[in-house]
Structure formats: C-alpha cells, structure tokens
Amino acid sequence: ISMQCYWCNIFLLPMSTIKECERVLRSFLWGGRGRGKVKWADVCKPFLEGGLGVRDLKTWNKALLLKHLWSVLTEESIWAKWCHAYLLHNSNLWTATSHGHLSWSWRQILRLRPLAKEHLIYKCGNGEQFSLWFDPWL
C-alpha cells in the first residue's frame, strides 16, 4: 500500500495503470477465480458504510495531487515557492499555460485546476492576496 500511495502522490496515474492495480487487488480478494462477489464500488466504501475500506485508486490519486495544488496556492512549502519562481514565473496559477517545456507531472497537476476550482471557498480579507481578475471567485 505504501508504494501505491507514493506513486499516487507523485503522478496522475493513467487509467490503464489504475485498472491493472485494481485487477491485482480483486484477484487477491477473490482468489483470482471468476467474478467478484461484491461490486468494486462497494468494496471501496468505508467500514462504517459496509465496505472493506479499500481506497478507490482514481479518487485517491486525484486527492493527493490536489494536495500539491493546494500547496502551490498557499505557498506553504519550499517546493511551492520554487514552483512560483520557476514554473509559474510569479504569475497566477489559474492562468498559467499547461503546455510548452513543462514536465509531464507538472502538466498533470495543472490539469486538475478545474476540479480544484469546484471545491475552493475564497476569503478576500483585505484584498492583498486576491485578484478579482484572475482568481475564480465567481
């Protein structure tokens, strides 16, 4: 599981990789013979909801990468400050282009911006760190 968490935290995994990982988990749970006894969506539910607590790999992968996006937005780490200086060139995260000579992993993180926008709540405060033009407040 720790290796799975590591790769989910670093890269947006391709669907083929996610399906292969789930196939290995299903064959372990059901003995590799025939079809599963329970829907995979039910297996991925928490114990309190009647599931086995197995994490849905696709959702888990996106959640871990959104954590990186949040770090860049809040600039709380050295990595986030480096991203602003060298990848964003001190521009706005929401308007940065996701093409060009960027690494594959950085482009995948940028692809999650629409998902992040859906879950953000803005607090303007005194307005020093808020842009009505660039920030997705609407």
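Computation of the quantities below employed the complete heavy-atom set of this structure, encompassing side-chain atoms and omitting hydrogens, waters and symmetry-equivalent molecules. Note that the structure is a prediction, hence the values are computed from the model and not measured.
The pair Glu22-Lys19 does not count as a salt bridge, with every side-chain nitrogen at least 4.0 angstrom from each carboxylate oxygen. Using a 4.0 Å cut-off between charged side-chain N and carboxylate O, Lys45 and Asp42 make a salt bridge.
Few gaps surround CZ on Arg107; more than 12 heavy atoms of other groups in view lie less than 6.0 Å from it. The 12-atom threshold is exceeded at CH2 of Trp79, counting heavy atoms of other residues, nucleotides or ligands nearer than 6.0 Å.
Pairing each heavy atom of Ser77 with each of Ser71, the nearest pair is OG-OG, 3.1 Å. Minimum interatomic distance between Trp104 and Leu12 (heavy atoms only, all atoms of both residues): CH2-O, 3.2 Å. When all heavy atoms of Trp30 and Val38 are compared, the pair lying nearest together is CZ2-N, 4.0 Å.
Evaluation of the ring pair (Phe, Tyr, Trp, His ring centres under 6.0 Å) rule for Trp82 yields Tyr86 as partners, not counting sequence neighbours.
Considering NZ of Lys67 and CD1 of Ile109, their distance stands at 11.5 Å, rounded to 0.5 Å. Here the straight-line distance linking atom CG of Asp56 with atom NZ of Lys62 works out to 10.0 Å at 0.5 Å rounding. The distance from atom SG of Cys83 to atom CD1 of Ile78, rounded to the nearest 0.5 Å, is 12.0 Å. The structure places CG of Leu65 at 9.0 Å from OG of Ser105, a figure rounded to the nearest 0.5 Å. To the nearest 0.5 Å, atom CG of residue Leu69 and atom CG of residue Leu112 are 7.0 Å apart. Here CG of Leu64 is found 8.0 Å from CZ of Arg55. Values are rounded to the nearest 0.5 Å.
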- Hey, mind stepping through Met15 and Lys58 against side-chain contact (heavy atoms from CB on, under 4.5 Å) and telling me if it holds? CA-CA 8 Å; Met15 265 322 279; Lys58 183 178 178 183; 4.0 Å; yes
- Working for side-chain contact (heavy atoms from CB on, under 4.5 Å), residues Leu115 and His119: CA-CA 7 Å; Leu115 181 60; His119 300 287; 3.9 Å; yes
- Query: What's the verdict on side-chain contact (heavy atoms from CB on, under 4.5 Å) for Leu29 and Trp40, showing C-alpha distance, side-chain angles and the deciding distance?
  - Reply: CA-CA 11 Å; Leu29 285 175; Trp40 189 249; 3.9 Å; yes
- Message: Using the rule given for side-chain contact (heavy atoms from CB on, under 4.5 Å), can you reason through Leu110 versus Thr97, listing the C-alpha separation, both sets of side-chain angles and the distance that settles it, and then say yes or no?
- Response: CA-CA 8 Å; Leu110 291 179; Thr97 59; over 6 Å; no
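For the pair Arg113 and Trp94, the cation-pi criterion (under 6.0 Å, within 45° of the ring axis) is not fulfilled.
Within the 3.5 Å criterion, the main-chain N or O of Trp70 finds a donor-acceptor partner in the side chain of Thr74.
Val72 is listed as a side-chain neighbour of Trp106, based on a closest heavy-atom distance under 4.5 Å.
With hydrophobic clusters built from ILVMFWY side chains whose heavy atoms lie under 4.5 angstrom apart, Leu102 shares a cluster with Leu73.
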